[in-house]
Amino acid sequence: MKTNQVLIRYGELSTKGKNRKSFISHLRENIRQTLSDLSSFKIRAERDRMFIFCENEREMEEIIVRLPSVFGIQSFSPVIECGHEPEQLKVTAKEVISKLDTEGKSFKVTVKRPYKAYPLEKLEIMKEIGSHVLRNFPELHVQMQKPDIELKVEIREEAAYLMAEVIQGAGGLPVGAGGKALLMLSGGIDSPVAGYYMLKRGVRLELIHFFSPPYTNERAKEKVFDLAERLSRYGASIKLHIIPFTELQQQVHKQMPENITMTSTRRMMLRIAERVMKEVDAKAIINGESLGQVASQTIDSMHAINAVTSAPILRPLVAMDKLEIIDVAQKIDTYDISIRPYEDCCTIFTPANPKTKPKLEKVEHYESYLDFDSLIEECVAQREVIKFPRVDKKEFEDLL
Ligand code: ATP
Ligand code: MG
């Protein structure tokens, strides 16, 4: 008895022809990428479901571990192969059911028999297996309409195939099916969560991080690398753009009245982000802002900061409470990285009394005294680009 295939049910799938095709091809590509270090699997995509075939038992286990982080999968079921003999079918059925919670559950067996020369009829197979299962699991009861557990048996010429376990997928849409956007990734708790939510809606991400050495150190950068690595688990491969931000930040602090430096710094970040967004052909900027959290996240601040760009700014966390965000951060394993105590460029330059209602005209007026354009160009040109996962999984395995 062994699992040599997995059946995948699609997530939220639009019924329209072109969207369906794009959904399926992105999902297929993302699964291929997630499993790229495994040697022996095949994917077959059909209109309503997808199969992964793999003869290597250890790799099959790994596939089952990795599939729950791929967006676009509603659920999946390991399929178990066994011989034709009724005795083998019964033993396998028992084993399949024993992995499930059976207490007080309803149950039925369905049989497909494409192997027409098989000596037993469909009904006979159903009865044999059904009564064997009920003998072994007396807590189950039979229910033909919408049972909790459906044991599916398929008799093909080469073997028989059984499945009953349904494993929850990540839901959402396959990454890439929803276009591309640039996520402003700080080392904090919020922005990785914002990225996760957008990946879940099928958006492919590139990341931008503003880095201000020597005010922020290599440890802070390492933290951002680790967050990017985590996000790449969900988003296949992801590029991170590190912007050297020190010079620009110092100029803002030298030239602008202290209480609007924060507003102006954020505006400069957005201008740089917009330039990178265009270069990488992304169509929106994402950040981790949530209304009212800090001075830069009031409606008035957002208005004054946002006015510097015409790029769409997506704020998936805007109406979430901090505790809700922390909950998700823990679930996606970014929380422990985010709370490492290294300063972010914004924390260090935060003025004592930042304006919560900055006046756009005033900010624009002060900014007009400085040639920010060339500073911005410099930041964009000097950026460092790193691809995640950092070492290609295949290369990594070859190194071992
Ligand atoms: P986070 O936990 O994501 O850092 P926060 O509540 O600490 O959020 P801020 O630090 O004020 O809030 O930042 C708001 C948003 O601006 C962040 O969610 C992020 O998208 C972006 N941002 C802030 N600092 C940086 C940075 N150094 N590099 C890139 N983006 C940044
Ligand atoms: Mg922060």
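Counting convention: from 1, in listed order, for ligands and their atoms alike. FYI, side chains are in, hydrogens and waters are out, and symmetry mates aren't considered; it's all heavy atoms of this structure. Sequence positions, counted from 1, serve as the residue numbers for this chain. Keep in mind it's a predicted model, so treat the numbers as computed, not measured.
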For [X], take its heavy atoms, then give the atoms of ligand 1 lying under 4.0 Å from any of them.
X      : value
Asn287 : 20 (O)
Gly188 : 1 (P), 2 (O), 4 (O)
Ile208 : 29 (C)
Gln297 : 6 (O), 9 (P), 11 (O), 12 (O), 13 (O), 14 (C)
Ser186 : 1 (P), 3 (O), 4 (O), 22 (N), 23 (C), 24 (N), 25 (C), 26 (C), 29 (C), 30 (N), 31 (C)

Atom 15 (C) of ligand 1: which of Met184, Met262, Arg266 has the nearest heavy atom?
->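 Nearest heavy atom to atom 15 (C) of ligand 1 lies in Arg266.
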Is it true that a side-chain atom of Ser338 and a backbone atom of Gly188 form a donor plus acceptor pair closer than 3.5 Å?
->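 Judged by distance alone, yes, a pair lies under 3.5 Å.
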Any side-chain heavy-atom pair from Leu134 and Phe107 closer than 4.5 angstrom?
-> yes
Could you check if a side-chain atom of Asp37 sits within less than 4.5 angstrom of a side-chain atom of Glu62, using non-hydrogen atoms only?
->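 No, too far: nothing below the 4.5 Å cut-off.
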Polar-atom distance check: [X] versus ligand 1, any N or O pair below 3.5 Å?
X      : result
Gly288 : yes
Phe210 : yes
Ile189 : yes

Check side chain to side chain donor-acceptor pair (under 3.5 Å) between Arg113 and all other residues, then give those that pass, not counting sequence neighbours.
-> none
Only counting residues at least two apart or in another chain, list the ones meeting ring pair (Phe, Tyr, Trp, His ring centres under 6.0 Å) with Phe372.
->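 Residues passing ring pair (Phe, Tyr, Trp, His ring centres under 6.0 Å) with Phe372: none at all.
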Nearest atoms (heavy-atom pairs only) where Ala273 meets Leu182 | O-CD2, 3.3 Å
Please work out whether the ring planes of Phe53 and Phe51 are parallel, tilted or perpendicular, with thresholds of 30° and 60°.
->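 Phe53 and Phe51: parallel rings.
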Heavy-atom contacts under 4.0 Å between Leu183 and ligand 1: side chain, backbone, both, or neither?
-> neither
